[in-house]
Amino acid sequence: MAMSKTLVILGFVVVSMLWAGAMAQSSSSCTTVLISLSPCLNYITGNTSTPSSGCCTQLATVVKSQAQCLCEALNGGAASLGISVNQTRALALPADCSVTTPAVSQCSKGNHAY
């Protein structure tokens, strides 16, 4: 019985470690994606009134490959990079770039549903 209980606890620890590693990797890959959206900084910070073509191209690429990272940006993930995202401008970006994104309602704190 003690051996069985030990194996269950050990199994739980291993699964927890794997899950934590996967979450860290996901966050790390989103960091790279958020950095790749740097051409959009002037627009989302209000320094320009329209996004650049480079911004729109990169946004379209992110939507196709890792749209879930956009949820992280909207939920404050960019703050870890020292970037303050203007939510209004960020939400207007897809329309201003004519890029279709999943509905923002699919994003929720801690849940990247894309």
Side-chain angles (χ1 to χ4, degrees):
M1 181 70 171
M3 176 79 151
S4 176
K5 194 174 194 177
T6 301
L7 287 176
V8 169
I9 292 171
L10 180 59
F12 178 74
V13 169
V14 169
V15 168
S16 297
M17 289 172 59
L18 290 173
W19 181 79
M23 292 305 291
Q25 185 177 14
S26 172
S27 180
S28 174
S29 66
C30 280
T31 298
T32 302
V33 170
L34 294 178
I35 290 170
S36 78
L37 289 169
S38 64
C40 301
L41 282 176
N42 282 331
Y43 176 77
I44 64 170
T45 58
N47 291 332
T48 61
S49 59
T50 57
S52 68
S53 62
C55 166
C56 294
T57 300
Q58 191 58 33
L59 176 64
T61 300
V62 169
V63 169
K64 288 178 186 170
S65 64
Q66 292 184 294
Q68 74 279 3
C69 293
L70 298 175
C71 288
E72 187 168 315
L74 289 174
N75 288 333
S80 67
L81 301 172
I83 300 167
S84 177
V85 173
N86 177 320
Q87 294 277 342
T88 303
R89 296 297 296 259
L91 291 170
L93 183 61
D96 288 347
C97 284
S98 299
V99 173
T100 302
T101 60
V104 73
S105 62
Q106 293 181 334
C107 290
S108 63
K109 283 260 189 221
N111 180 21
H112 310 300
Y114 289 159

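Quick note: numbers below take in every heavy atom, side chains included, and nothing from hydrogens, waters or symmetry partners. Numbering starts at 1 and runs along the sequence shown.
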Quiz item: Hey, does Cys55 have a side-chain heavy atom less than 4.5 Å from the side chain of Leu93?
Solution: yes
Self-check item: Side-chain donor or acceptor of Ser98 paired with backbone N/O of Pro94 under 3.5 Å
Solution: no
Quiz item: Going by the side chain to side chain donor-acceptor pair (under 3.5 Å) test, which pairs reach into residues 34-44, not counting sequence neighbours?
Solution: Ser36-Gln58, Tyr43-Asp96
Practice problem: Could you tell me whether the side chain of Gln66 reaches within less than 4.5 Å of the side chain of Cys30, counting heavy atoms only? | Solution: no
Practice problem: State, with a plain yes or no, whether a side-chain heavy atom of Cys97 is found less than 4.5 Å away from one of Pro51. | Solution: yes
Quiz prompt | Shortest non-hydrogen contact from Leu34 toward Glu72 | solution = CD1-OE2, 4.4 Å
Self-check item: Listed partners of Thr50 passing side chain to side chain contact (heavy atoms under 4.5 Å, CB included), at least two apart
Solution: none
Practice problem: Using a 4.5 Å cut-off on heavy atoms from C-beta on, say whether the side chain of Leu37 contacts that of Leu70. | Solution: yes
Quiz item: Nearest 0.5 Å, what's the CD1-OG1 distance between Ile44 and Thr88?
Solution: 12.0 Å
Quiz item: Taking atom OG1 of Thr100 and atom NZ of Lys64, what is their separation to the nearest 0.5 Å?
Solution: 10.5 Å
Practice problem: For Thr45, check side-chain hydrogen bond (donor to acceptor under 3.5 Å, both in side chains) against everything at least two apart and list the hits. | Solution: Asn47
